[in-house]
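See structure below.
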Amino acid sequence: MLKVAVLGYGVVGSGVCEVIRTNAKSLSEKLGDSVEVKYVLDIKEVDSSDPEAAKITKDFSAILNDPEISVVAEVMGGATFAYDYTKQLLMAGKHVVTSNKELVATKGTELLSIAKEKNVNYLFEASVGGGIPIIRPLYSCLAANEINRITGILNGTTNYILTKMFREGSDFATALKEAQEKGYAERNPSADVDGIDACRKIAILASLVFGKEVECNKVKTIGITGITETDVAYAEKLDSVIKLIGQAELKEQKVYVSVEPRVIKKGTPLASIDDVFNGIMVNGNAIGEVVFYGPGAGKLPTASAVVADIIDCLRNDRNREYFWTKAESDFVADSKNNFGCYLIRTKNPEEIIKKLPIAEKVSVVDGEIGLVTEQIREEELNEVLPYAVSYMKLA
Ligand code: HSE
């Protein structure tokens, strides 16, 4: 009997236990031995009718010191206790798998280096894209490619909110509440709506494919709290939708990384990805463009990715060697040097028209106009922002 431990009995932790219970037979066929959760670490009280009630413990050292436990799933979230526990487990020679994007994005460099030194795995398939296989495909299946660009809808909660705003004219607060009720949102929803969660995810993907740490504080990050019904009307007028897009692009050995709401033409791959679904477009020099699509959040989809990592560790008791190193300080380029087309809402169009090349003008409300620019440098955009009501980049 193979035994594993789960740290955290929240949405994802209970999902991991459920998948291991429900799929016990097929897991045992795949592994050649049965697998069960021996411990679930959590401080909260669990009802005695809960199927995992007997396994709940508050004693981390019991897990750390149990030689029967070779794989631990850290699904507690945060970067304090989770960091301390993960470090101790890796140092003790145990494999750790996680859905904790905050920890991977902030401490991944150090934790991967400990895992390498101890010849164990630190796997994080569930940290990006929920149930979508993306980490392993990027690292293994696309290994032949030089990856130039990753563009994705990486946060299910904000995609759910934006979809409701477009489809049903829902207001922001109601849509957010629904996402929370469905178990998609972070404990502090600011992490979702302010783009922090998507920032962590694009930082993880960029660090993985470019081999150097992309620090979140260097990523230009704008959330969706400023998106209004008028923005939705402008996007509709341009036959487009608005999506929160994370992008990492390699240009001349530097990477431009951003998270921001973008205006995306209907009919293009990311425009039709709605609700809690995520979509990640990867551009490689051999494969061209490939798109990964699936449920980006939620109990069982995320648990599916965590349990896949557990299986990987149980099947291959060796270091998978996901790895990146610290980067030079200017590896993440200043976004002001990047190019793009923008929709600029303004009450002073002449001030902007005399400075920037304009491709299209759209009007949806009295007293202002929307100007769509040709390709310009972000620095040029910044110069006209005093005359703008708001702006959004086009995809
Ligand atoms: N809050 C996250 C999201 C959960 O909405 O995408 C999955 O990482």
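All ligand and atom numbering here is 1-based and tracks the order in the structure. Scope of the values below: all heavy atoms of this structure, side chains included, with no hydrogens, waters or symmetry mates.
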Side chains of residues 290-307: which donor-acceptor partners sit under 3.5 Å, not counting sequence neighbours?
residue : atom : partner : partner atom : Å
K299    : NZ   : E18     : OE1          : 3.2
T302    : OG1  : G298    : O            : 2.7

Side-chain polar contacts of residues 199-209 - donor-acceptor pairs under 3.5 angstrom, sequence neighbours left out - could you list them?
residue : atom : partner : partner atom : Å
K201    : NZ   : L154    : O            : 2.9
K201    : NZ   : D197    : OD2          : 2.6
S207    : OG   : A203    : O            : 2.7
S207    : OG   : V214    : N            : 2.9

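The aromatic ring centroids of F277 and Y160 lie 6.0 Å or more from each other.
Scanning for ring-ring contact (aromatic ring centres under 6.0 Å, His included) contacts around Y85 gives F60, with sequence neighbours left out.
Protein residues having at least one heavy atom under 4.0 Å from any atom of ligand 1 are K101, N155, G156, T157, Y184, A185, E186, D192, D197, K201, G296, A297, listed by chain and number.
For the 3.5 Å distance criterion, the side chains of D171 and T174 qualify, holding a donor opposite an acceptor.
In this structure, K55 forms no cation-pi arrangement with Y39, as its terminal cationic atom is not both closer than 6.0 Å to the ring centre and no more than 45° off the ring axis.
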